[in-house]
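Heads up: the structure comes next, in structure tokens.
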Amino acid sequence: METSMDIIKNYYFSGKNVSLYEHQKKSIDEIDEGRSVLVSVPTASGKSLIAYYAIIRAAKQGLKSMYICPLKALAREKFDELRAIGKGMFTVALSVGDLDAGTDIINRFDVIVCTSEKADSLMHHNPDYFNDIAVLVLDEIHNIGDQTRGPTLEILCTTARIVNPDIQIIALSATLQNAPQIGEWLDATVVRSDFRPVPLKKFVIFRDKLMDDEFQQIDSLKKDIYELIRKILYDGGQVLLFLNTRKRAEKFAMDISEQMDERMFPSSIDIISEDGDRNAEVVNRIAKKGVAFHHAGLNTRIRTFVEENFKSGRIKVITSTPTLAAGINLPARAVIIRDLTRFSDGYSSYISNMEIEQMLGRAGRPKYDDHGEAYIYCPSQGAIDKVKDLFENGVEPVVSAMGKEKIVRFNTLALISNHFCTTLDSLYTFFDSTLYASQNGKGTLKDYVDQVTGYLENYGFIETKGQILKAEKLGTITANLYIDPETAKIIVDMFEENEEEMSVARILYNICKTPDIFTLFVNRDDYESLSAFFDEISESPEDEDDMAAGKTAMLLLDWINEVPIYEIEEKYSVGSGDIESRKSSAEWIVMAASRLAAEFRRELSYPLDVLSLRLKEGVRDDIMSLISIPGVGRVRARRLYENGFKKPSDIAKSTVQNIAILRGFSKTLAENIIKSAKTMGDSSE
DNA sequence: CGTGGAACGGTCTAGACAGCATGTC
DNA sequence: CTAGACCGTTCCACG
């Protein structure tokens, strides 16, 4: 009989002699006993290894596992690691929103790495898939308390355990104050530790004084944190500086880069193409000095550029909004938290201790730094009190966020649609098994369930026959599309309109009014163009949400009318990352609208499909066929079209010379495009 | 009367998950 | 509730 250590050595470390940390050993012993575990230790303490062990152990017995992450980027990271580990032993699939893996991946792979929403979505189709899964890994499970996305994890967990009571749960978490409570809910053995492989030294900055974690002054800082950053850099460390707005992140990055001595750093850093992207230009300029900023206004390409160059050490300082606090593993010798407050819902407030801990957890690179350093900047006595609270009381308890009508509504529809709950009583029982009920008492979600089933019946999502709740067509489609019932309602209401009223602008406006679209913030400068837009679509905004939806619709309209990125950035004061995220969610909702139309307003289905594709590519409809050629995007397609190449077949018939002569087309590119265009002609005719 | 600059008031603010087909009396 | 930077305008002291 192989011991746990043997298995890890043989299968994971390929025979290398590795000693495990105490919390890893304890967890592995529990896993060997077939029990579920909740591992609560600080970040960067080798928690994933515990999950990998459970997965390997299951695979060895021919059993399947699912690894659930809170973020796509994290899922990719774990997927790569698991694939490397599993080589020759088990197969691994990555399933996240923008990847088309199909609903049958559970049958085809041994291990599935996915986001919690993806797993939830699979469950909307068929909850029984949990029967085929022996090990369920829930990474970063402290996110279960997250206001918007926590309940997804909670529902997933609840369902999995009802469907498959034997499922072995490996829950990994940052330090949890109420670990025993969560562990009890999960029926898992709690393994807790404060162990950090790289020790963390905490400091506080207050009025030009540098203090230790007992608020004793150990140094003075004449030039604020710039002096501190310089010191860390000359000492060979890297710095992550957290701020609370994008503008501040950018400003600090600029200021720091101006103070940097270029000779300190090799100028070997690559440059990313700018394409008129304002952020790319700035990042290129300051990255040469080893500095960059990071926030959601950056598109994926620039973000990856910053992350990769920080990992390789070419970038020494990143100034960041909370984007980097969670998410991919990007440690630095020193973390500086400059802002402890954040503005939201009309006023400024302190961020949670949990969030501060997440940022602190980035300090110290395993294998590179013998310790990590965390500096918390306090501008006021209030901030000092906040830090004292953090040091003395630690993180807040993790509390279920299920108690909101919108969330209960979304999940209730799913439970009815997939036949998991067929009566009101079974819904009550289900919600009594949630973390919310375990924290607030059984029956505490009953009122919500009553309300939302009323809503769902009223608007035709479900029907009641005696005791039996059954999803109507609208309900099933909605649950399978993974859209909010309110979104479906807005779309179906839109189908009532006459054909001639349905301009693209109006459709986009309706789409942006759905709760599944994250709208843009409206500025004073937007009022004028917004009122013009509302005139054009003959609507009058009733509140700020309508204004925000209008602004977002305007941006999308510009996008599909081929307005250059930099003009959109300028006009709406957004970054290319904002455009990227809006277009992808709009594309999803419009596709969902097309599916709903197929059932409820057939003739709109095709035009909505076309609109979805236009959103994806950012083009007018005349160049849609050109876009499908690899290497041809909105800009090149338009140029081809203007020069007489209106269809792929026009290109297939042409010569390299004729195309390479166009601006922006090299000879190689022309060759490739012609080659692709030819094969396309073959397959489509 | 012209100018520099302090004082004042208005404005603005983080992040990021999801689908798509296909059936039947 | 637990903010703070920025920017344009106003207003006052002073030459």
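Residue numbers start from 1 in every chain, and the chains themselves are labelled A, B, ... in the order their sequence lines are given, proteins ahead of strands. Excluded from the calculations below are hydrogen atoms, water molecules and symmetry mates; all remaining heavy atoms, backbone and side chain alike, are included.
- At the phosphate of dG19(B), OP1 or OP2 sits under 4.0 Å from a side-chain N or O atom of K118(A).
- Taking atom C1' in both dT13(B) and dT2(C), the straight-line distance is 15 Å, to the nearest Å.
- What separates NZ of K247(A) from P of dA5(C) is a distance of 12 Å, to the nearest Å.
- Nucleic acid contact for D339(A): none, since no nucleic acid atom lies under 4.0 Å from a heavy atom of the residue.
- Residue R338(A) has its side chain nearest to dA5(C) when only dT2(C), dA5(C), dC17(B) are considered.
- For dA18(B), there is no paired base (Watson-Crick or G-U wobble, both distances below 3.5 Å).
- Residue-to-nucleotide proximity on DNA chain B shows that, of R342(A) and S585(A), the 5′-proximal contact is made by R342(A).
- The nucleotide whose nearest atom lies closest to any side-chain atom of T245(A) is, among dG15(B), dT13(B), dA18(B), dT13(B).
- Closest approach to the H295(A) side chain among dG15(B), dA5(C), dT2(C) is made by dG15(B) (side chain taken as heavy atoms from C-beta onward).
- The CD1-P distance, from I384(A) to dT2(C), rounds to 17 Å in whole Å.
- Using cut-offs of 30° and 60° for the angle between ring planes, the F215(A) and F391(A) rings count as tilted.
- As the counterpart of dC25(B), no nucleotide is assigned, since no Watson-Crick or G-U wobble pattern has both distances under 3.5 Å.
- Using a cutoff of 4.0 Å between basic side-chain nitrogens and carboxylate oxygens, R278(A) and E570(A) are not scored as salt-bridged.
- Contact annotation: R524(A) side-chain N/O to dT11(B) OP1/OP2 distance is under 4.0 Å.
- The side chain of T341(A) approaches dA3(C) more closely than any other nucleotide in the set dA18(B), dA3(C), dC20(B).
- If you check every strand for non-hydrogen atoms under 4.0 Å, F343(A) touches a base.
- dT11(B) atom P lies 13 Å from atom CE of M547(A), rounded to whole Å.
- Rounded to whole angstrom, the span from the CG atom of L340(A) across to the P atom of dG4(C) amounts to 10 Å.
- Toward the 5' end of DNA chain C, the nearer of the two residues P379(A) and D345(A), judged by each one's closest nucleotide, is D345(A).
- Remark: K551(A) is not positioned above the aromatic ring of Y572(A), lacking an NZ or CZ atom under 6.0 angstrom from the ring centre and at most 45 degrees off the axis.
- For the pair R338(A) and F252(A), the cation does not sit on the ring face, since its NZ or CZ is not both under 6.0 Å from the ring centre and inside 45° of the axis.
- Put simply, CG on L74(A) is 12 Å from P on dA16(B), counting in whole angstrom units.
- Both N244(A) and A592(A) sit near DNA chain B, but only N244(A) has its closest nucleotide nearer the 5' end.
- Spacing between atom NZ of K406(A) and atom P of dA18(B) amounts to 15 Å, rounded to whole angstrom units.
- Between H125(A) and dC20(B), a side-chain N or O to OP1/OP2 separation shorter than 4.0 Å is present.
- Contact annotation: N523(A) side-chain N/O to dT13(B) OP1/OP2 distance is under 4.0 Å.
- Separation of the P atoms belonging to dA14(B) and dC1(C) is 22 Å when rounded to the nearest angstrom.
- Residue contacts shown for K72(A) are limited to sugar-phosphate atoms, with no base heavy atom under 4.0 Å away.
- We find that D578(A) and R246(A) are joined by a salt bridge, their nearest charged nitrogen and carboxylate oxygen being less than 4.0 Å apart.
- A close approach under 4.0 Å does occur between a side-chain nitrogen or oxygen of T115(A) and OP1 or OP2 of dA18(B).
- Checking dT10(C) for Watson-Crick or G-U wobble geometry (two distances, each under 3.5 Å) identifies dA6(B) as its partner.
- Side-chain proximity of A296(A) to the nucleotides dC20(B), dT13(B), dG15(B) is greatest for dG15(B).
- Comparing dT13(B), dG19(B), dC6(C) by their closest approach to the side chain of K251(A) singles out dC6(C).
- In this structure, CG of L611(A) is placed 19 Å from P of dG19(B), rounded to the nearest angstrom.
- Within 4.0 Å (heavy atoms only), L71(A) reaches sugar-phosphate atoms of the nucleic acid but no base atom.
- Taking the charged nitrogens against the carboxylate oxygens, R301(A) and D277(A) have no contact shorter than 4.0 Å, which rules out a salt bridge.
- When distances are taken from the side chain of R149(A) to each of dA16(B), dA5(C), dA18(B), the shortest belongs to dA16(B).
- Ion pairing of K470(A) with E472(A) is absent here, as no side-chain N (NZ or NE/NH1/NH2) approaches a carboxylate O to less than 4.0 Å.
- Using a 4.0 Å cut-off, some side-chain N or O of S121(A) falls inside it from OP1 or OP2 of dG19(B).
- Listed nucleotides: dG19(B), dA21(B), dA16(B). Nearest to the side chain of R595(A): dA21(B).
- For the pair R246(A) and dA5(C), the criterion of a side-chain N or O lying under 4.0 Å from OP1 or OP2 is not met.
- Salt bridge D98(A)/R76(A): present, at least one basic N to carboxylate O contact under 4.0 Å.
- Dashed line: the shortest gap from a side-chain N or O of T321(A) to OP1 or OP2 of dG15(B) is under 4.0 Å.
- The separation between L94(A) atom CG and dC17(B) atom P is 12 Å, rounded to whole Å.
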